[in-house]
**Student:** 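Below is one structure. I have some questions about it.
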Amino acid sequence: MEYRREHDSMGEVLVPADALWGAQTQRSHENFPIGAERMPKEIIRAFAVLKKAAALANASLGRMDEKDAGLIAQVADEILAGKLDGQFPLVVWQTGSGTQSNMNVNEVIANRGNALAGERRLHPNDTVNMSQSSNDTFPTALHIAAATAITQDLLPAIDQLVATLRQLEERSAGIVKCGRTHLQDAVPIAFSQEVSGWRGLLEDSREQLEATLPGLYRLALGGTAVGTGLNAPEGFDTAVAAQVASLTGMPFVSAPNKFAALSGKDAVAFAHGAVRTLAANMMKIANDVRWLASGPRCGLGEIRIPANEPGSSIMPGKVNPTQCEAVTMVAVEVMGNDATIGFAASQGNFELNVFMPVIAYNFLRSTRLLADAIRSFDERCVTGIEPIRERMDENLHRSLMLVTCLNPYIGYENAAKVAHKAFDEGTSLRDACIELGFLTPERFDEVFHPEEMV
């Protein structure tokens with residue numbers, strides 16, 4: 001491999017000749033051979049947005065030459081288009097402020113911009129990083145990436161599954177089945193009502209996620225090193241937030257308290273709490289589906305789900321609820337990520353939190369996995385759910401908890417006697433009630449209508 005010599009404040013460094021990054025990126029690449037988890041591409045894209053926004057704001061405030069701002073904006077657009085993806089080699093496990101990733105973006109923009117200009121116009125620190133610090137750019141990139149992941153990936157995935165569940169509700173109108181609580185038989189429920197419960201959980205999660213967005217829309221940019229705004233011109237914070245809002249189409253604003261924005265990560269921890277809650281709801285839905293589809297002959301067997309692949313290397317014909325299992329594995333991963341984010345968010349010391357890369361990595365991993373899992377679950381499982389009416393009807397009429405409808409006529413204690421007698425003797429509720437003398441056959445038939453108990 002051929003190398004070129006680059007330098008920074010610590011001296012010279014050999015950098016691969018074809019790399020757009022510079023000395024500080026190379027030092028980080030060599031000093032942190034830890035894991036294979038690279039800085040998420042969503043963070044790099046968010047950095048491109050904020051670098052373009054900062055250049056435009058600096059130019060509007062008379063701090064930066066218009067041509068320089070144009071070059072920065074041009075390279076930022078190349079980053080956003082994915083044209084420079086190979087130029088960001090740094091891992092998550094680096095400095096806790098994300099300084100090297102900030103400098104990685106600065107160096108790539110400067111070197112690529114200078115190549116486009118045919119002259120050395122851009123300096124990674126003096127030009128591309130003008131009016132900024134790693135301490136305010138990384139939390140800004142984190143907020144941009146998190147808000148984008150929620151609004152453009154996670155919420156649309158929820159909407160897709162909600163629409164499918166609504167269709168399943170409509171197709172299942174009129175089907176009554178046995179309800180279950182504590183994994184035991186309970187009073188009847190319409191299958192459409194059961195499905196509406198799943199839909200309602202997702203709609204609640206959507207509402208909760210939306211409630212977290214105002215905190216993510218507040219940007220630390222303009223606080224520079226410790227929140228005082230040192231070396232940033234007056235009005236830069238509001239000007240750059242307006243530029244970010246314009247570039248993204250989302251209502252980003254300048255954080256009113258930059259000291260809190262740099263040292264605290266509560267907005268991200270709060271938002272991931274809603275992501276975790278969605279994961280918990282998806283866990284419940286996926287478990288319900290696989291319970292209801294259990295069997296096909298020795299389980300509940302009340303619904304049929306798509307058979308996507310063979311389920312066993314030894315048992316011919318076996319089919320498993322694999323999409324449900326994928327969802328539940330993703331759910332526990334998200335819950336683990338939430339613990340990491342909670343611990344990391346608690347570690348702000350004085351004017352800075354230095355756990356930001358791991359927060360970013362886990363947050364974006366959660367949203368990406370969960371959105372993917374929801375879409376896959378929808379397309380490869382939920383869209384193909386078919387209620388098995390005969391099995392639902394059979395289970396419904398075998399349920400001893402139908403005795404509950406007799407309470408108003410014979411009382412709770414007598415109804416309990418009917419249920420126990422029917423269970424102990426293996427008879428029907430009708431036979432037990434009549435034998436105990438609580439109701440005549442005619443009166444029992446008059447009041448006992450399971451399909452009307454929903």
**Student:** Could Arg206 and Glu210 be called an ion pair, given the rule that one side-chain N must be under 4.0 Å from one carboxylate O?
**Tutor:**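 Salt bridge between Arg206 and Glu210, a charged N being under 4.0 Å from a carboxylate O: yes.
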
**Student:** Is any side-chain heavy atom of Ile374 less than 4.5 Å from a side-chain heavy atom of Gln160?
**Tutor:** no

**Student:** Any pair with a residue in residues 127-142 that passes salt bridge (charged side-chain N to carboxylate O under 4.0 Å, His left out), sequence neighbours left out, goes on the list, sorted by first then second residue, please.
**Tutor:**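 The answer is none; no pair qualifies.
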
**Student:** Working to the nearest 0.5 angstrom, can you tell me the gap between Ile285 CD1 and Arg199 CZ?
**Tutor:**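 The distance works out to 11.0 Å.
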
**Student:** Check for a donor-acceptor pair, side chain of Glu107 on one end and backbone N or O of Thr25 on the other, with a separation under 3.5 Å.
**Tutor:**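 Yes; judged by distance alone, with no hydrogens or angles, the pair exists.
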
**Student:** Please confirm whether the backbone N or O of Leu396 pairs with a side-chain atom of Ser399, one donor and one acceptor, at under 3.5 Å?
**Tutor:**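 Checking the backbone N and O of Leu396 against the side chain of Ser399, no donor-acceptor pair under 3.5 Å is found.
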
**Student:** Over all heavy atoms of both residues, which pair between Gln243 and Ala57 is shortest? Give the atoms and the distance, please.
**Tutor:** CG-N, 4.2 Å

**Student:** What's the shortest heavy-atom distance between Ala147 and Tyr217, and which atoms?
**Tutor:**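 Heavy atoms only, the tightest pair is CB-CE2, 4.0 Å.
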
**Student:** Around atom CH2 of Trp93, are there more than 12 heavy atoms of other residues, nucleotides or ligands at under 6.0 Å?
**Tutor:** yes

**Student:** Between Met10 and Arg27, is there a side-chain heavy-atom distance shorter than 4.5 Å?
**Tutor:** yes

**Student:** Any chance CD of Glu2 has more than 12 other-residue heavy atoms, nucleotides or ligands included, within less than 6.0 Å?
**Tutor:** no

**Student:** Given side-chain hydrogen bond (donor to acceptor under 3.5 Å, both in side chains), test Gln132 with Thr137 step by step and report yes or no.
**Tutor:** CA-CA 7 Å; Gln132 305 154 61; Thr137 57; 5.4 Å; no

**Student:** Keeping Gln323 on the side-chain end and Arg380 on the backbone end, is there a donor-acceptor pair under 3.5 Å?
**Tutor:** no

**Student:** So, does Glu42 use its side chain to make a donor-acceptor pair with the main chain of Ala149 at under 3.5 Å?
**Tutor:**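 Not at all, since once roles are kept as given, no pair shorter than 3.5 Å links the two residues.
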
**Student:** Considering residues, nucleotides and ligands other than Asn231, do more than 12 of their heavy atoms fall under 6.0 Å from its CG?
**Tutor:** no

**Student:** Using side chain to side chain contact (heavy atoms under 4.5 Å, CB included), reason through Trp291 and Leu183 one step at a time and then give a plain yes or no.
**Tutor:** CA-CA 10 Å; Trp291 271 109; Leu183 295 181; 4.2 Å; yes

**Student:** For the residue pair Gln208 / Thr277, report whether a side-chain donor-acceptor contact shorter than 3.5 Å exists.
**Tutor:**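 On atom types as modelled, these side chains do not qualify, holding no pair under 3.5 Å.
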
**Student:** Which heavy atom of Val358 sits nearest a heavy atom of Ala344, and at what distance?
**Tutor:** CG1-CB, 4.1 Å

**Student:** Is it the case that the side chains of Glu78 and Gln74 hold a donor-acceptor pair, with the cut-off being a distance below 3.5 Å and no angle test?
**Tutor:**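 Gln74 vs Glu78: no donor-acceptor pair found between side chains.
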
**Student:** What residues, two or more places apart in sequence or in another chain, satisfy side chain to side chain contact (heavy atoms under 4.5 Å, CB included) together with Glu119?
**Tutor:**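 Here the qualifying residues are Lys67, Ala117, Arg121.
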
**Student:** Donor-acceptor pair, distance only, cut-off 3.5 Å: does the side chain of Asn58 make one with the backbone of Ala54?
**Tutor:** yes

**Student:** Would you compute the distance between atom CE of Met392 and atom CD1 of Ile175 and round it to the nearest 0.5 angstrom?
**Tutor:** 6.0 Å

**Student:** Is the shortest side-chain heavy-atom distance between Asn281 and Trp198 below 4.5 Å?
**Tutor:**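 A side-chain contact is absent here, since even the closest heavy-atom pair is not under 4.5 Å.
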
**Student:** In Å, rounded to the nearest 0.5 Å, how long is the span from CG of Leu71 to CD of Glu66?
**Tutor:** 11.5 Å

**Student:** Going by distance alone, is a donor N or O of one side chain under 3.5 Å from an acceptor N or O of the other, for Glu325 and Asn320?
**Tutor:** no

**Student:** Just how far is it from atom CG of Leu247 to atom CG of Leu56, taken to the nearest 0.5 Å?
**Tutor:**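 Nearest 0.5 Å value for the CG-CG distance: 6.5 Å.
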
**Student:** Before accepting this row, confirm whether a basic side-chain N of the pair Asp153/Arg375 lies closer than 4.0 Å to the acidic partner's carboxylate O.
**Tutor:**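 A salt bridge links Asp153 with Arg375.
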
**Student:** Check whether any side-chain heavy atom of Leu90 lies under 4.5 Å from a side-chain heavy atom of His29, and answer yes or no.
**Tutor:**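 Yes; the side chains approach each other to less than 4.5 Å.
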
**Student:** Is a side-chain N or O of Asn337 found less than 3.5 angstrom from the main chain of Thr367, in a donor-acceptor match?
**Tutor:** no

**Student:** Give me the atom names and distance for the closest heavy-atom approach of Ile359 to Ala345.
**Tutor:**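 For Ile359 and Ala345, the tightest heavy-atom pair comes out as CD1-N, 4.0 Å.
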
**Student:** How long is the straight-line distance from OH of Tyr3 back to CG of Asp18, given to the nearest 0.5 Å?
**Tutor:**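 OH of Tyr3 is found 10.0 Å from CG of Asp18.
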
**Student:** Does the pair Leu370 and Glu333 meet the rule for a side chain to side chain contact (heavy atoms under 4.5 Å, CB included), with working shown?
**Tutor:** CA-CA 9 Å; Leu370 198 49; Glu333 176 78 2; over 6 Å; no

**Student:** Could you check whether any side-chain heavy atom of Gln24 comes within less than 4.5 Å of a side-chain heavy atom of Ser28, counting everything from C-beta outward?
**Tutor:**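 Gln24 does not reach Ser28 side chain to side chain.
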
**Student:** State, with a plain yes or no, whether a side-chain heavy atom of Pro40 is found less than 4.5 Å away from one of Arg365.
**Tutor:** no

**Student:** Take Val289 and Phe377 through the side chain to side chain contact (heavy atoms under 4.5 Å, CB included) test and state the conclusion after the steps.
**Tutor:** CA-CA 11 Å; Val289 169; Phe377 182 59; 4.1 Å; yes

**Student:** Counting only heavy atoms not in Arg398, do more than 12 sit closer than 6.0 Å to its CZ atom?
**Tutor:**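 Open.
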
**Student:** How far apart are the closest heavy atoms of Glu379 and Thr383, and which atoms are they?
**Tutor:** O-OG1, 3.1 Å

**Student:** Are there over 12 heavy-atom neighbours, none belonging to Glu234, within less than 6.0 Å of that residue's CD?
**Tutor:**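 No, because the 6.0 Å sphere around CD of Glu234 holds 12 heavy atoms or fewer from other groups.
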
**Student:** Donor-acceptor pair, Asn308 side chain versus Thr322 backbone, under 3.5 Å?
**Tutor:** no

**Student:** Output yes when Arg368 and Asp372 qualify as a salt bridge under the 4.0 Å nitrogen-oxygen rule, no when they do not.
**Tutor:**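 Answer for the salt bridge query: no.
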
**Student:** Run the salt-bridge test on Asp85 and Lys41 with the 4.0 Å N-O cut-off and return the result as yes or no.
**Tutor:**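 No, Asp85 and Lys41 are not salt-bridged.
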
**Student:** With a 3.5 Å distance limit and no angle check, can you tell me whether Lys265 reaches the backbone of Leu262 through a side-chain donor-acceptor pair?
**Tutor:** yes

**Student:** Within the side chain of Ser97, is there an N or O that forms a donor-acceptor pair under 3.5 Å with the backbone of Val354?
**Tutor:**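 Answer holds: no.
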
**Student:** Counting C-beta onward and ignoring hydrogens, is there a side-chain heavy-atom pair between Asn135 and Asn102 closer than 4.5 Å?
**Tutor:** no

**Student:** Taking everything shown except Arg4 itself, do over 12 heavy atoms lie less than 6.0 Å from its CZ?
**Tutor:** yes

**Student:** Give the intermediate values and the outcome of side chain to side chain contact (heavy atoms under 4.5 Å, CB included) for residues Leu122 and Asp68.
**Tutor:** CA-CA 7 Å; Leu122 305 181; Asp68 291 347; 3.8 Å; yes

**Student:** For the residue pair Leu216 and Ile150, what are the closest heavy atoms and their distance?
**Tutor:** CD1-CD1, 3.9 Å

**Student:** For the residue pair Val454 and Phe191, establish whether any side-chain heavy-atom pair is separated by less than 4.5 Å.
**Tutor:**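 In short, these two side chains do not touch, never coming nearer than 4.5 Å.
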
**Student:** Measure the CH2-CG distance between Trp21 and Asn106 for me, rounded to the nearest 0.5 Å.
**Tutor:** 15.5 Å

**Student:** Kindly say whether Gln193 contributes a backbone atom to a donor-acceptor pair with the side chain of Ser196 at under 3.5 angstrom?
**Tutor:**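 Indeed, once roles are kept as given, a pair shorter than 3.5 Å links the two residues.
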
